[in-house]
Structure formats: C-alpha cells, structure tokens
A.B. asks: 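Would you mind keeping the following structure in view while I ask a few things?
Numbers here are sequence positions counted from 1.
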Amino acid sequence: MNYDKQLEELALNLFNINAVKFGEFTTKSGIKTPVYFDLRVIVSYPVVMELISNLLYEVCLKNSNYDHLCGVPYTALPIATLLSVKTKKSMLMRRKEAKAYGTKKLIEGHFKANEKCFIVEDVVTSGSSVLETVKDLRNEGLVAEEAVIILDREQGGKQNLEINDVKMTSLFTMSNLIGILVKNNCITQQIGDKVIDYLKNIQAPSVEPEINRMHLTYENRAQIATNSIARQLFNIMATKKTNLCLSVDLTSSTKILDLLEKVGEHVCLVKTHVDIIEDFNDNFIVQLKQLATKYNFLLLEDRKFADIGNTVSLQYSKGIYKIIEWADCITVHSLPGEGILKAINSSSNGVSKGVFFLAEMSSEGNLITKDYTEATVKMAAKYPELITGFVCQKKDTFKDPGLIQLTPGVQLESSKDELGQVYNTPEKVILDNGADVVVVGRGIVSSKNPEVQAVIYKDTLWKCYTKRISGKME
C-alpha cells in the first residue's frame with residue numbers, strides 16, 4: 001500500500017504545529033543545524049499523534065515479530081504508548097537513571113530474558129539516545145535489535161546503529177521531509193537547498209560498537225588485558241578449560257595440600273585465607289607453590305586489605321605470612337581510598353602482581369551501595385597495570401573486557417546459609433550475572449569426594465561459559 005499521501009499530510013501537520021523549525025539550532029550531539037525537529041509539541045495535538053502512530057505501525061511494525069515496545073525517554077514515550085495500545089503489545093519503560101529506592105530498576109515492566117523489544121524514537125542524529133536505551137535493554141537480557149524512527153536526519157545515526165547491531169526504519173529522512181515542504185511552498189527552495197547542503201557536509205560523530213565481554217573468549221580477552229596476572233589467568237582458563245576457583249577455607253596446611261593434590265588439575269585459581277591456618281609454616285608455602293606450578297593454577301590470597309597505605313604495605317610484605325612472596329594476586333577494599341593501591345603498587349618492586357578490587361559482596365545485608373561500586377571501578381581505572389579484575393555480582397559493574405569478574409557465593413543449587421551467605425547457581429552467575437571466574441568453597445571442600453565434585457563444578461561452569469560466548473543464551 002502506498003502511504004505517500006499520508007506521509008505528506010503528516011509532514012505538513014508537523015510544519016503547521018511548529019514541530020519543524022528553521023533557523024540556527026544545536027542538536028543533542030552538539031552539531032549546529034539550520035533545521036530543528038521538536039516533537040515535544042505533538043502531545044497537544046492528538047490528531048497528529050494518531051497519524052504518527054498509525055503510520056509507524058503500517059510502515060514499520062505491521063509485519064514484524066516482537067514482544068515489547070520501548071520508547072526512548074522522554075519524547076517518544078507517548079508514541080510508544082499509542083503503539084502499545086494499537087498493537088496490543090507490552091510496553092516497557094526505560095528510566096534515565098535508576099531509583100534510589102524500591103526495586104531500583106532501569107527498565108520497568110514485565111518481561112523475560114531473550115524476548116524481543118522494538119525501540120521507538122522521534123529523531124535520530126548520531127543515534128546515541130537509541131544506543132543508551134539499547135544498552136539498558138540488553139543488560140536486562142532483552143533482544144534489542146530494531147528501532148522505528150519518525151525522522152532520520154541523515155547525519156550518520158543510521159550507520160552508528162547498524163555497527164552496533166541495531167536496524168533502523170524511519171518514516172522520513174530529512175531529505176524527504178524538506179522535499180515535501182518545498183513542494184508545498186512551506187519553505188523556499190533556497191532554504192531547502194541550504195538544509196540539503198548542510199546534510200551533505202555535516203555528520204554526527206561516529207559511535208564505536210561497545211565490546212561485550214560476555215561474548216568474547218578468554219583467549220581474545222587475554223590479548224586485551226593490561227594486567228599481566230589477568231593475561232596469565234585468561235590463558236590458564238583457556239588451556240585447562242576451567243573457570244573454577246577453589247576456596248580452600250581449611251585451618252590445616254596438610255589438609256589444604258592434600259586437597260589440592262586431588263583437585264589441582266581442575267581449577268584455574270586457588271583462593272586462600274592464610275591467617276586461618278593453625279599450623280602455618282614456610283614449608284607449606286614452598287609446597288603450595290610447587291602444586292601451583294605442577295597443576296598450572298594461580299594463587300589468590302583473599303586478605304581483603306582495607307587499611308591505610310603504610311599499614312597495608314607492611315601487611316602485604318612483612319610478618320610471618322609475607323604474602324607478596326607467594327600470592328599472584330590479592331583482594332583489596334577501596335574503602336581507604338587510592339592510597340591503598342599506591343602502597344600495593346610500590347610494594348611490588350616491579351614484580352608482576354594482581355589486585356581483585358572488591359566492588360560488591362555476596363553476603364546478605366552488606367552495606368556496599370551502587371555509588372560505592374561505581375567509585376571503586378573509577379578508582380581502579382587509574383591503575384590498569386595493577387588491577388586484575390573485580391569481585392562483584394553483576395555483569396554491568398565494569399566494561400573493560402581485559403578485566404576479570406570474580407564471583408563468589410556459588411553452589412549447584414541456590415541456597416543461603418545461617419550466616420547470611422547467599423549462594424547462586426552456576427547458570428545464574430555466568431549466564432545472567434557475567435561471572436568469568438567462579439569461586440566455590442564448601443560445595444567441594446566439604447564433600448565426601450572433593451575430586452568428583454570438583455569435576456562436576458568444572459564441567460558445569462565451563463558449559464555455561466561456552467554457552468555464553470556462543471550467544472545462545474535462551
């Protein structure tokens with residue numbers, strides 16, 4: 001069906017209600033422009049809103065398959081609402097920022113992972129607003145690959161969306177719209193030529209596709225990693241085909257060594273709490289390092305350093321444990337501030353070491369807030385050669401694919417212990433929450449046959465990882 005007459009009618013209506021303006025303006029992308037498209041006024045013109053929604057449906061949506069609609073806030077929200085009612089499809093709402101109370105959601109509405117969501121927008125210049133919405137929808141596990149637009153300004157937005165795997169369909173291009181307005185004597189040919197010439201010469205900045213670490217292999221991420229311990233750990237995981245970290249929370253050095261002799265070939269990382277070992281001695285460290293070499297795993301001392309820089313430097317390098325001499329990496333709190341990283345960095349004396357920065361915790365009722373987590377990630381960015389990754393629970397905590405997400409609190413079945421430790425399943429932490437290395441403690445250590453249990457965990461976790469990088473998460 002030919003919709004040229006209805007599109008012409010819509011163009012003239014938009015001009016008559018002053019939704020299309022000519023003069024000197026600046027777009028959201030910072031581009032100076034002789035024409036500006038302001039759809040905020042249409043909420044006062046129900047006939048125009050109805051015409052827009054009907055055309056978007058007939059031209060862009062009628063033959064498409066999708067589960068939800070989501071309008072880019074805020075101008076496109078009323079149009080998305082009308083389309084939802086017309087199509088009888090669920091509407092989702094994206095907040096520009098999460099609430100500090102209640103559910104703290106960015107995406108409101110009922111949905112399931114892997115359902116398809118169409119994005120609705122009024123005008124596209126660079127495509128940045130659409131991509132912000134795409135990012136939040138994808139972070140919730142939704143498929144966001146198509147957008148319907150009223151006007152494409154033809155300044156690079158469509159191309160920016162395409163390289164980020166978003167197909168855009170529009171009612172108008174700016175050239176189409178200007179042609180209609182010139183034809184109907186709404187603007188002069190001179191103004192029309194000025195706008196067309198402007199379109200040819202002024203383009204929006206390109207938007208590079210965001211690298212999604214969820215779909216990258218460990219081998220690829222090793223090449224991106226800045227921290228040498230992160231590179232080493234990625235390569236160990238790829239070589240041994242395991243992303244299992246064993247937490248050896250035992251108080252006997254002999255029992256720790258016996259356990260690692262049984263399960264060492266199945267793990268990529270061993271996490272210790274050296275200060276709980278009742279019979280600690282130098283020979284224990286010698287044998288621990290020998291096992292790490294024999295079975296090709298790294299050592300993480302979960303010390304959770306959290307003091308002033310000078311004290312942390314002494315805790316790291318002195319005392320009976322001399323952690324710096326044997327631990328490949330350590331866990332550190334950001335609470336004391338940047339001085340703690342400076343102290344650890346200077347203590348290393350050029351020897352390759354790594355830090356897992358605590359950005360989130362798995363214990364129920366912990367006091368870490370979203371702002372604290374964001375500040376932690378920002379602080380870590382100043383020390384790229386020191387930071388191995390983050391101890392965290394959410395895939396969107398950080399973006400750098402060269403860093404590692406270490407996630408504790410994992411058992412084969414979801415549960416919670418009497419001390420408030422919350423346990424999630426391997427599927428949950430890897431596929432949904434983005435874990436790269438998964439910490440398992442009691443699930444293996446307390447079992448009657450630790451070796452068998454370690455193999456079960458290793459195989460389960462690895463299958464989740466291979467499913468994740470395949471992109472087939474349904």
A.B. asks: Checking Lys318 now: which residues fulfil salt bridge (Lys or Arg N to Asp or Glu O under 4.0 Å) with it, not counting sequence neighbours?
C.D. replies: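 Applying salt bridge (Lys or Arg N to Asp or Glu O under 4.0 Å) to Lys318 gives none.
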A.B. asks: Does Leu39 have any side-chain contact (heavy atoms from CB on, under 4.5 Å) partners at least two apart in sequence or in another chain, and if so, which?
C.D. replies: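 Leu39: side-chain contact (heavy atoms from CB on, under 4.5 Å) contacts with Leu14, Phe37, Ile42, Ile52, Thr75, Asp122, Ile150.
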A.B. asks: Would you list the pairs meeting ring-ring contact (aromatic ring centres under 6.0 Å, His included) in which at least one residue belongs to residues 277-309, sequence neighbours left out?
C.D. replies: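 Only Phe280-Tyr321, Phe305-Tyr316 qualify under ring-ring contact (aromatic ring centres under 6.0 Å, His included).
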A.B. asks: Taking only residues two or more places apart in sequence or in another chain, which ones pass side-chain hydrogen bond (donor to acceptor under 3.5 Å, both in side chains) with Glu140?
C.D. replies: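 For Glu140 there are no side-chain hydrogen bond (donor to acceptor under 3.5 Å, both in side chains) partners, ignoring immediate neighbours.
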A.B. asks: Could you list the residues that satisfy side-chain hydrogen bond (donor to acceptor under 3.5 Å, both in side chains) with Ser253, not counting sequence neighbours?
C.D. replies: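 Once residues adjacent in sequence are excluded, the partners of Ser253 under the side-chain hydrogen bond (donor to acceptor under 3.5 Å, both in side chains) criterion are Asp279.
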A.B. asks: Going by salt bridge (Lys or Arg N to Asp or Glu O under 4.0 Å), name the residues that satisfy it together with Lys86, two or more places apart in sequence or in a different chain.
C.D. replies: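 Result, salt bridge (Lys or Arg N to Asp or Glu O under 4.0 Å) vs Lys86: none returned.
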A.B. asks: Would you mind checking if Arg468 and Asp436 are paired as a salt bridge, meaning a charged N to carboxylate O distance below 4.0 Å?
C.D. replies: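 Judged by the 4.0 Å cut-off on N to carboxylate O distance, Asp436 and Arg468 do form a salt bridge.
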A.B. asks: Can you list the residues that meet the salt bridge (Lys or Arg N to Asp or Glu O under 4.0 Å) rule with Glu374, with sequence neighbours excluded?
C.D. replies: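 Salt bridge (Lys or Arg N to Asp or Glu O under 4.0 Å) list for Glu374, sorted by chain: Lys370.
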A.B. asks: Can you give each donor-acceptor pair under 3.5 Å made by side-chain atoms of residues 241-250, sequence neighbours left out, with the distance rounded to 0.1 Å?
C.D. replies:
| unit_1 | atom_1 | unit_2 | atom_2 | d |
| --- | --- | --- | --- | --- |
| Thr242 | OG1 | Leu244 | N | 3.2 |
| Thr242 | OG1 | His266 | O | 2.7 |
| Asn243 | ND2 | Tyr218 | OH | 3.2 |
| Ser247 | OG | Asp249 | OD1 | 3.1 |
| Ser247 | OG | Asp249 | OD2 | 3.1 |
| Ser247 | OG | Lys271 | NZ | 3.2 |
| Asp249 | OD1 | His273 | ND1 | 2.9 |

A.B. asks: Going by the rule salt bridge (Lys or Arg N to Asp or Glu O under 4.0 Å), which residues pair with Glu338 if we only count those two or more places apart in sequence or in a different chain?
C.D. replies: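 Partners of Glu338 under the salt bridge (Lys or Arg N to Asp or Glu O under 4.0 Å) test: Lys382.
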A.B. asks: Residues in ring-ring contact (aromatic ring centres under 6.0 Å, His included) with Tyr66, at least two apart?
C.D. replies: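 Once residues adjacent in sequence are excluded, the partners of Tyr66 under the ring-ring contact (aromatic ring centres under 6.0 Å, His included) criterion are Phe118.
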A.B. asks: Sorted by first residue and then second, give each ring-ring contact (aromatic ring centres under 6.0 Å, His included) pair with at least one member in residues 131-165; sequence neighbours left out.
C.D. replies: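 Matches after skipping sequence neighbours: none remain.
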A.B. asks: Any side chain to side chain donor-acceptor pair (under 3.5 Å) pairs touching residues 281-294, not counting sequence neighbours?
C.D. replies: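 Checked against side chain to side chain donor-acceptor pair (under 3.5 Å) - neighbours excluded - the pairs reaching residues 281-294 are Glu261-Lys294.
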